[in-house]
Amino acid sequence: MNVFKHVETKISAALEALKTDDVLPNGLNVQGVEVQEPRDPAHGDVASNAAMVLAKRAGMKPRDIATALAGQLADDEDFVTVDVAGPGFLNIRLKDSLWQDVLSNILADGDTYGDSDLGSGMSAHVEFVSANPTGPMHIGHCRGAVFGDALANVLQKAGYDVTREYYINDAGAQVDKLGQTAYLRYREALGEDISAIPEGLYPGDYMMPVGEALAASHGDMLMNETKDEYLAITRKVAIEMLMASIKEDLGALRVKHDVFFSEWSLIHGQTDQVAESIEKLKAHGLIYQGRIPKPIDHDEGEWEDREQTLFKSTDYGDDMDRALMKSDGSYTYFANDVAYHYNKLERGFDHYFNVLGADHVGYIPRLKAAVSALSDGKASFETPVTQLVKVLRDGVPVTMSKRAGTFVALRDVVDEVGADPVRFMMLMRKHDSALDFDLSKVVEQSKENPVFYVQYAHARACSVFRMIAERMLELDISEAALANADFDLLSDDGERELIKFMARYPRIAESAAREREPHRIPFYLYDLAGLFHAHYARGNDSPHLRFSQEDQPALTQARLALVQAVKLVISSGLNVLGVLAPDEMR
RNA sequence: GGUCCUGUAGCUCAGUCGGAUAGAGCACGAGAUUCCUAAUCUCGGGGUCACAGGUUCGAAUCCUGUCAGGAUCACCA
């Protein structure tokens, strides 16, 4: 159960009662009334702003509303005290039994504690990563991958039926260049001296295995083919091998997609879906032949002013109309993407998310325009942007370029430090804030790395169980025994503080989904771990606060129930982040 | 020049739908280990929430403008 919602329900009922009694005007709009935890614990367990929010609408003084509301709530069985404070806050202290119910719920719910019905009955489609299959994943891709995965998890926890998808850009000019590179590496594998890989192709060593594979499967047969013929083969093999490598990289990071969707298939499937989606736009009168203005600062000479097929994205807030056909008659990347989003829409999800890097923000307006036009403005389509990651080593920026072959491979970082620190560090920042990622610090595995702090809290909880199992052989520490322990014995401030903090988890998890901000979870976990470590350490000076009290089995059971709850909440939260919750830190 | 993101302690960053006296880590200073794991804990100093207006019972939070930093403005992908 969610304590805050529970109290909110009570306040709503009390407001209704006051309306019936003509204390408050009938039909008063109670939107905006909320229950939250006060910053200062002296203000009570929970507080409500109801009186201040309603004062103007009701034409009454906030203190008067608060006093009436307090009177209405005073006799409630769940409340110890209801006070009016400050400008009209309602400060409420809850009975212990309510907090004890929280503990019971955590133990009963386990990993599902914190689930909500925010998205119940709704589906969500999350497109993320979609890195071009022209090389292994580098550290820059990492943030979108981890964020998208965590966003999907957070939505799932809030009840959405989530589909995770990767759009494979396996069509277009860059893929041809990849095919040409593969062909050169193939000739190299056959013993030819190819010298340097020409400018504009992909010089990285990772293309050499592709050449070798081609040599092994085709011998020297491709040497006699025309360019069109060999490119069809080298392109396909290169894409297949690089996608396999990308999937391995994602796997190392523990990122999983349900669907890998091929751009190529949009054009070369049973029907030309690009043509179909353009037809759809044409039916709306959004396609025309025209010219677009020359971009500011564009190099002279490269710019060709010509009449072309345009999508009228300016009708939907874009700052210029967008080209759909290249001068050679093939589709632009955007045209294919229009078709891809049309395809998504046809599959019928309730919410669409497209996680993009900051280098694609300029692309968002035309994408939104297309989705809006294709769905008659009905689709819920969000494009969370992950800001760029500045990669540093010992504080010095590392420059990266895939085409030049100089980049920090995601795989190298993950192999060196593990997926957990990488994921946690990426998620510890709000997604639309820029992030400095210092390799030397992540590699260090020092205590500066908050992931260990949180993991250690989980491991420490586990170790408490191991120790007590060893020392108190008679004690029943089964799930059932802990669930039935006497929670009245948890009377220490540190214990109560832990319970109250864990009561916030459902609200945190739900807000993370509602605001599409997974970073709220690691911050919450870090604070929870801090409370747990602090309480644990009090046992050093005050042995009577330790979890294990060998001469008091009932007290020990109650405290173990608390420890178990902490363990469950931490592992539940880490699970959402895709970070492991270890039993020990050795 | 247009658009988007960011600006909070020396540094890195949180800050709930607008809520009461703005928080944490690091760094700096002082302490805790016969103890359930010290990968931990306790205490301390440290702020013009970039700046200027506005909205209201109340603004770090919302609106407008200015300044600073980053991203982006293609028939690329």
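- Residue contacts for Tyr333(A): at a heavy-atom cut-off of 4.0 Å it reaches a base atom on one of the strands shown.
- Remark: Asp40(A) engages no residue in a salt bridge (Lys or Arg N to Asp or Glu O under 4.0 Å) (not counting sequence neighbours).
- In this view, Tyr340(A) and Glu165(A) satisfy the side chain to side chain donor-acceptor pair (under 3.5 Å) rule, not counting sequence neighbours.
- For rC57(B), the OP1/OP2 oxygens have no side-chain nitrogen or oxygen of Arg63(A) closer than 4.0 Å.
- Contact annotation for Lys390(A): no contact, since no heavy-atom pair falls under 4.0 Å across all strands.
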Dot-bracket encoding of pairs in RNA chain B, which uses [ ] for pseudoknotted crossings and | for another strand, Watson-Crick or G-U under 3.5 angstrom
(((((((..((((.....[...)))).(((((.......))))).....(((((..]....))))))))))))....
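- Contacts between residues 540-550 of chain A and RNA chain B, defined by a heavy-atom separation under 4.0 Å, are made by Asn540(A), Arg546(A), Phe547(A), Ser548(A).
- Between His519(A) atom NE2 and rU16(B) atom P the separation is 9 Å, expressed in whole Å.
- In this structure, the CG atom of Asp337(A) is 16 Å from the P atom of rC75(B), given to the nearest Å.
- Partners of Lys368(A) under the salt bridge (Lys or Arg N to Asp or Glu O under 4.0 Å) rule, at least two apart in sequence or in another chain, do not exist in this structure.
- Under the salt bridge (Lys or Arg N to Asp or Glu O under 4.0 Å) criterion, Asp359(A) pairs with no residue at all, not counting sequence neighbours.
- What separates NE2 of His431(A) from P of rU6(B) is a distance of 9 Å, to the nearest Å.
- At the heavy-atom level, His360(A) lies under 4.0 Å from base atoms of the strands shown.
- Sorted by first and then second residue, the salt bridge (charged side-chain N to carboxylate O under 4.0 Å, His left out) pairs involving residues 519-546 of chain A (not counting sequence neighbours) are Glu517(A)-Arg520(A).
- With C1' as the reference atom, rG15(B) and rU8(B) are 9 Å apart, rounded to whole Å.
- When heavy atoms are screened at a 4.0 angstrom cut-off, Lys430(A) is found touching the sugar-phosphate backbone but no base atom.
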Classify every nucleotide of nucleotides 18-23 of chain B by which part a protein heavy atom approaches to under 4.0 Å, writing B for the base, S for the sugar-phosphate alone and - for neither, in 5'-to-3' order.
-BBB--
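- For the pair Ser463(A) and rU37(B), the criterion of a side-chain N or O lying under 4.0 Å from OP1 or OP2 is met.
- Side-chain polar atoms of Asp321(A) and Tyr288(A) form a donor-acceptor pair below 3.5 angstrom.
- Proximity of Lys56(A) to the phosphate of rU55(B): no side-chain N or O atom is located under 4.0 Å from OP1 or OP2.
- Applying the side chain to side chain donor-acceptor pair (under 3.5 Å) criterion to His533(A), with sequence neighbours excluded, gives Arg460(A).
- Checking the phosphate oxygens (OP1, OP2) of rA14(B), a side-chain nitrogen or oxygen of Ser433(A) falls inside 4.0 Å.
- Note on residues 554-563 of chain A: pairs passing side-chain hydrogen bond (donor to acceptor under 3.5 Å, both in side chains), not counting sequence neighbours, are Glu495(A)-Arg559(A).
- Residue pairs meeting the side-chain hydrogen bond (donor to acceptor under 3.5 Å, both in side chains) criterion with at least one partner in residues 30-39 of chain A, sequence neighbours excluded, are Glu34(A)-Gln36(A), Glu37(A)-Arg504(A).
- Applying the side chain to side chain donor-acceptor pair (under 3.5 Å) test to Asp583(A) and every residue at least two apart in sequence or in another chain returns nothing.
- The shortest distance between the side-chain N/O atoms of Arg471(A) and the OP1/OP2 oxygens of rC36(B) is below 4.0 Å.
- If you measure from atom CG of Asn449(A) to atom P of rA24(B), you get 21 Å, rounded to the nearest angstrom.
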